[in-house]
Amino acid sequence: MNLPSLLQSLVPDFRQALSQLSHHKLRSALTLLGMVFGVAAVIAMLAVSEGGRREALQLVEGMGVRNLIVEADEGSGDQLRELRQHSPGLSLNDATAVAATLPFVAEWAGVRGVHAWSLISHEGNSEADVVGVSPSYFKLSGLEVARGELYDAEDDRQFAQQAVLGSTVARQLFPNGDAIGKPIKINHLWLEVIGILRDSQIAEEEFQGEQIGGDSERVYMPLQTTLKRMNVPQDQAELSALKIQMTPDVLPGDAAKAIEHLLIRRHGGQHDIRMIVPARLLAQQRQTERIFTIVMSAVAGISLLVGGIGIMNIMLASVLERKSEIGLLRAIGATQMDVVRQFIIETTVIALTGALAGVFLGVAIAYVIAASAGWAVAWSFLTIFLAVVVCVAIAVGFGVYPSLSAAKLDPVEALQSE
């Protein structure tokens, strides 16, 4: 029998199954609930989990999966003064030494924060953060220019008075039009705006306890210009942070240990730096997501099992109620396999109806969670399909016993049961 003929032969069975379910609407609806809630839990859980995974990946990509971040960790007051007796702090010489000593260092960029008490233009003002960065910082951070251009190494060497604005800062300083080519003043220094960054669309500002994002609310200027022409306190380290990109052949944890060991030796044994490993943060996030997925899967699995038991009960009750019908079918020539097929189809119809209702409920729950908790959601049609298949498989598995029980009824006894 070819596939079209097989499908055509199943149509009456599906109609019969729908007819049987419609005769007991309340009982059928209650039977569906286990499957509905089970599938809904699976769909909502997978949507939140997938959304979290994609968001975490986007956040880490902003930091750089193959990057290491070294931050100055110096304290203040007496602690800082005592530290300066032993260590000059994080510096450009440290960056040069790391690149020259460790073969896995592909590229680096220095960062120096600026205390900006005044940030103005002829059209507006802003309280945005100001940082001096090496030209390579934009590449290592995945930042792209939307308008204008970025400054290069030559601009940095020439102490160019140039600035690149984040998109939010650009709107604050120049609400009336394009900022390219116009001047801004940071404290006492005038700079020319040469570029506007593309908005990275990163909603979160913190990931695994580390500050990230915020690029649209920053002003970037050449690092050498910052060090030479801005007032950097003498007791502070030359660099606030150092971003280092590794080659693909080294493990992030091993690279972090090597860099930390080298820098502590250069700083007279003082632990005045802090290492941030984005790849490690991503691994921690994924471990948390795996625990969440396992717990939610267990809850959803229990709900599906309860739904399967409910389907078995309803099918056993249906067998008892329809003994005479089964006896009549057998008496007019229906085989045991025909009876099994009819009850399996009824089970499948119940499961499919519950699964489809569960999909819609799960989607609604996911969006409610996203709206109330601010979590990201994302969809994978493969996982939705698998959730429906698992639901139907569980239901059919629980429906096998009632189907066999119906098929094994003695036709004579079944006809006399009325």
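Note that the structure is predicted; figures quoted are calculated from it, not measured. Only this structure's heavy atoms are used, side chains among them; waters, hydrogens and symmetry mates stay out.
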- request: Evaluate side-chain contact (heavy atoms from CB on, under 4.5 Å) for Val164 paired with Arg218, printing each intermediate quantity in order.
  value: CA-CA 9 Å; Val164 175; Arg218 291 196 187 105; over 6 Å; no
Might you point out which heavy atoms bring [X] and [Y] nearest each other, and give the distance in Å?
| X | Y | answer |
| --- | --- | --- |
| Ser121 | Pro183 | CB-O, 3.9 Å |
| Ser240 | Gly113 | OG-N, 2.9 Å |
| Gly132 | Leu223 | O-CD1, 3.5 Å |
| Ala116 | Ile186 | CB-CG2, 4.2 Å |
| Arg147 | Ile180 | O-CD1, 3.8 Å |
| Ala40 | Ile365 | CB-CD1, 4.3 Å |

- request: Could you check His267 against Asp94 for side-chain contact (heavy atoms from CB on, under 4.5 Å), going step by step and ending with a plain yes or no?
  value: CA-CA 9 Å; His267 293 184; Asp94 288 333; 2.7 Å; yes
message: Applying side-chain hydrogen bond (donor to acceptor under 3.5 Å, both in side chains), can you list everything that pairs with Gln172, at least two apart in sequence or on another chain?
response: Ser126
Which residues share a side-chain hydrogen bond (donor to acceptor under 3.5 Å, both in side chains) with Glu123, sequence neighbours left out: Lys182
- prompt: Should we count CD of Glu192 as having more than 12 external heavy atoms under 6.0 Å?
  reply: yes
Spacing of [X] atom [atom1] and [Y] atom [atom2] [to the nearest 0.5 Å]:
| X | Y | atom1 | atom2 | answer |
| --- | --- | --- | --- | --- |
| Lys257 | Leu251 | NZ | CG | 10.0 Å |
| Ser136 | Leu150 | OG | CG | 11.5 Å |
| Ile259 | Ile273 | CD1 | CD1 | 9.0 Å |
| Ile196 | Arg171 | CD1 | CZ | 10.0 Å |
| Ile184 | Asn125 | CD1 | CG | 12.0 Å |
| Gln236 | Arg112 | CD | CZ | 5.0 Å |

Compare all side-chain heavy atoms of [X] with those of [Y] and state whether any distance is below 4.5 angstrom.
| X | Y | result |
| --- | --- | --- |
| Val193 | Phe174 | yes |
| Ile264 | His271 | yes |
| Leu173 | Leu119 | yes |
| Leu263 | Leu90 | yes |
| Leu189 | Thr225 | yes |

Using a 3.5 Å distance criterion without hydrogens, assess whether the side chain of [X] forms a donor-acceptor pair with backbone atoms of [Y].
| X | Y | result |
| --- | --- | --- |
| Tyr137 | Gly110 | no |
| Thr347 | Gly399 | no |
| Asn187 | His115 | yes |
| Asp156 | Gln224 | yes |
| Gln245 | Leu140 | no |
| Glu238 | Leu92 | yes |

- request: Would you please test Ile276 and Leu68 for side-chain contact (heavy atoms from CB on, under 4.5 Å) and show each step?
  value: CA-CA 6 Å; Ile276 300 175; Leu68 295 174; over 6 Å; no
query: Do Lys243 and Glu107 sit within salt-bridge range, that is, some charged N less than 4.0 Å from a carboxylate O?
result: no
- request: Answer yes if the side chains of Ser91 and Asn93 hold a donor-acceptor pair under 3.5 Å, and no otherwise.
  value: no
message: Test: side chain to side chain donor-acceptor pair (under 3.5 Å). Region: residues 384-400. Which pairs qualify, not counting sequence neighbours?
response: none
Geometric class of the Phe138/Tyr220 ring pair [parallel <30°, tilted 30-60°, perpendicular >60°]: perpendicular
- request: Carefully, step by step, assess Asp129 and Val219 under the rule side-chain contact (heavy atoms from CB on, under 4.5 Å).
  value: CA-CA 6 Å; Asp129 294 333; Val219 176; over 6 Å; no
